**Student:** 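Handing you a structure now.
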Amino acid sequence: MLDLSGPVLEQAPRLLNAVLRHGDVAVRLTEVEAYDGANDPGSHAYRGMTRRNTVMFGPPGRLYCYFTYGMHVCCNVVCGPEGIASAVLLRAGEVVDGIEVARERRAGASDRDLARGPARLCRALGIGLADDGVDLERGPVTLTLGSPPDDVSTGPRVGLRAAAERSWRFWITGEQTVSSYRPAAPLRASRRPDLSS
DNA sequence: CCCGTGATTCTCT
DNA sequence: GAGAATCACGGGC
């Protein structure tokens with residue numbers, strides 16, 4: 001029984017070493033990031049429910065998938081009590097089964113890079129927008145929790161402007177498959193004139 | 001370093 | 001409704 005109904009900051013590290021499977025390909029998760037719905041300016045759910053983020057407001061244990069930058073799909077596991085809209089972004093992992101299929105999907109990538117990065121992870125697993133809302137106990141995408149890692153590191157989330165000070169990124173210390181840290185791009189000059197000075 | 005790429009959302013009519 | 005900014009990224013140089 002997959003119970004992820006506790007506070008998201010407690011659930012996120014529990015997902016390390018968990019195995020996400022879709023068909024023949026399975027990935028052991030090595031890096032995740034927490035997003036805390038109502039209290040978190042970095043969360044897709046911060047401004048309330050929209051068509052995109054509806055799944056976040058539903059029960060825990062479902063997959064929330066979204067499309068970004070015109071070409072990438074990323075996925076999260078919904079955590080916390082229903083209605084709180086918290087989720088954990090799956091940032092990276094190690095392919096532990098179906099590596100031949102994963103290599104085809106990620107042609108040109110080294111084995112280490114197959115699922116190193118949130119969009120790469122979805123690509124390697126063949127996860128798309130059609131999988132938004134999937135119940136991870138029923139499939140077709142499934143999640144199986146693993147044994148807690150020996151050592152967990154934490155740090156700032158990657159690529160966010162909002163709430164960059166929160167250390168809500170968790171990874172298994174020393175893992176080669178953890179994605180490289182990249183701070184958010186600086187805000188471009190506003191189109192509106194600044195009248196304050 | 002730079003930039004493709006297009007859905008989503010915000011803001012103003 | 002239209003126009004604009006944004007974006008939880010990745011690949012190429």
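Lettering follows sequence order; numbering is per chain, from 1. Worth knowing before you read on, the calculation uses all heavy atoms, side chains too, and leaves out hydrogens, waters and symmetry mates. Bear in mind the structure is a predicted one, so any value in this text is a computation, not a measurement.
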**Student:** For Arg123(A), check salt bridge (charged side-chain N to carboxylate O under 4.0 Å, His left out) against everything at least two apart and list the hits.
**Tutor:**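 Partners of Arg123(A) by the salt bridge (charged side-chain N to carboxylate O under 4.0 Å, His left out) criterion come out as none, since no residue qualifies.
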
**Student:** Quick one: salt bridge (charged side-chain N to carboxylate O under 4.0 Å, His left out) partners of Arg21(A), sequence neighbours excluded?
**Tutor:**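 Scan of Arg21(A) (salt bridge (charged side-chain N to carboxylate O under 4.0 Å, His left out), adjacent residues dropped) gives Asp97(A).
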
**Student:** Let me check I have this right: for DNA chain B, each base becomes ., (, ), [, ] or |, based on Watson-Crick or G-U pairs with both distances under 3.5 Å. What is the full string?
**Tutor:** ||||.|||||||.

**Student:** Partners of Arg166(A) by salt bridge (charged side-chain N to carboxylate O under 4.0 Å, His left out), sequence neighbours excluded?
**Tutor:**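 Testing Arg166(A) for salt bridge (charged side-chain N to carboxylate O under 4.0 Å, His left out), a comparison that skips the adjacent residues, returns Asp40(A).
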
**Student:** Under 4.5 Å between any side-chain heavy atoms of Tyr66(A) and Leu89(A), yes or no?
**Tutor:** yes

**Student:** Measure the distance from CZ on Arg182(A) to C1' on dC3(B) and round it to the nearest whole Å.
**Tutor:** 12 Å

**Student:** Do any of residues 72-106 of chain A sit with a heavy atom less than 4.0 Å from DNA chain B, and if so which?
**Tutor:**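 By residue number: His72(A).
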
**Student:** Taking side chain to side chain contact (heavy atoms under 4.5 Å, CB included) as the definition, give me every residue that meets it alongside Tyr69(A), ordered by chain and number, with sequence neighbours left out.
**Tutor:**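 Per chain and number, Tyr69(A) pairs via side chain to side chain contact (heavy atoms under 4.5 Å, CB included) with His72(A).
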
**Student:** Quick one: Arg157(A) CZ to dA8(C) C1', roughly how many Å, whole number?
**Tutor:**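 Going from Arg157(A) (CZ) to dA8(C) (C1'), I get 8 Å.
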
**Student:** Rounded to whole angstroms, how far apart are CE on Met71(A) and P on dG12(C)?
**Tutor:**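 The distance from CE of Met71(A) to P of dG12(C) comes to 12 Å, rounded to the nearest Å.
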
**Student:** Please list, by residue number, the residues of residues 35-66 of chain A whose heavy atoms come closer than 4.0 Å to an atom of DNA chain B; answer none if no residue qualifies.
**Tutor:** Arg47(A), Thr50(A), Arg52(A)

**Student:** In residues 134-142 of chain A, what donor-acceptor pairs under 3.5 Å come from side-chain atoms, sequence neighbours left out?
**Tutor:**
residue: Asp135(A); atom: OD1; partner: Glu137(A); partner atom: N; Å: 2.9
residue: Glu137(A); atom: OE2; partner: Leu2(A); partner atom: N; Å: 2.9

**Student:** Could you pull out all residues at least two apart from Ala109(A) that satisfy side chain to side chain contact (heavy atoms under 4.5 Å, CB included)?
**Tutor:**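 Counting only residues at least two positions away or on another chain, Ala109(A) forms a side chain to side chain contact (heavy atoms under 4.5 Å, CB included) with Arg106(A), Asp113(A), Leu114(A).
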
**Student:** With a 4.5 Å limit on heavy-atom distance, are the side chains of Glu31(A) and Leu121(A) in contact?
**Tutor:**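 No, too far: nothing below the 4.5 Å cut-off.
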
**Student:** Please check this pair: side chain of Asn76(A) against backbone of Ala87(A), looking for a donor-acceptor N/O pair closer than 3.5 Å.
**Tutor:**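 No, the answer is negative, given that no donor and acceptor are paired below the 3.5 Å cut-off.
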
**Student:** In whole Å, measure the gap between the C1' atoms of dC3(B) and dT6(C) for me.
**Tutor:** 16 Å

**Student:** So, using salt bridge (charged side-chain N to carboxylate O under 4.0 Å, His left out) as the criterion, who are the partners of Arg112(A) when residues are at least two apart?
**Tutor:**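 Applying salt bridge (charged side-chain N to carboxylate O under 4.0 Å, His left out) to Arg112(A) gives none.
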
**Student:** Taking side chain as C-beta onward, heavy atoms only, is Trp171(A) less than 4.5 Å from Glu33(A)?
**Tutor:** no

**Student:** Got a sec? Which of residues 108-127 of chain A come in under 4.0 Å of DNA chain B, heavy atoms?
**Tutor:**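 Result for residues 108-127 of chain A: none.
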
**Student:** Check side chain to side chain contact (heavy atoms under 4.5 Å, CB included) between Pro183(A) and all other residues, then give those that pass, not counting sequence neighbours.
**Tutor:**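 For Pro183(A) the side chain to side chain contact (heavy atoms under 4.5 Å, CB included) partners, ignoring immediate neighbours, are Tyr181(A).
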
**Student:** Please report the distance, rounded to the nearest Å, between OH in Tyr69(A) and P in dA5(C).
**Tutor:** 16 Å

**Student:** Are the side chains of Cys75(A) and Asp131(A) in contact, using a 4.5 Å heavy-atom criterion?
**Tutor:**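 Not touching, per the 4.5 Å side-chain cut-off.
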
**Student:** Given atom CG of Asp132(A) and atom P of dT8(B), what is their separation to the nearest angstrom?
**Tutor:**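 Roughly 11 Å, once rounded to whole Å.
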
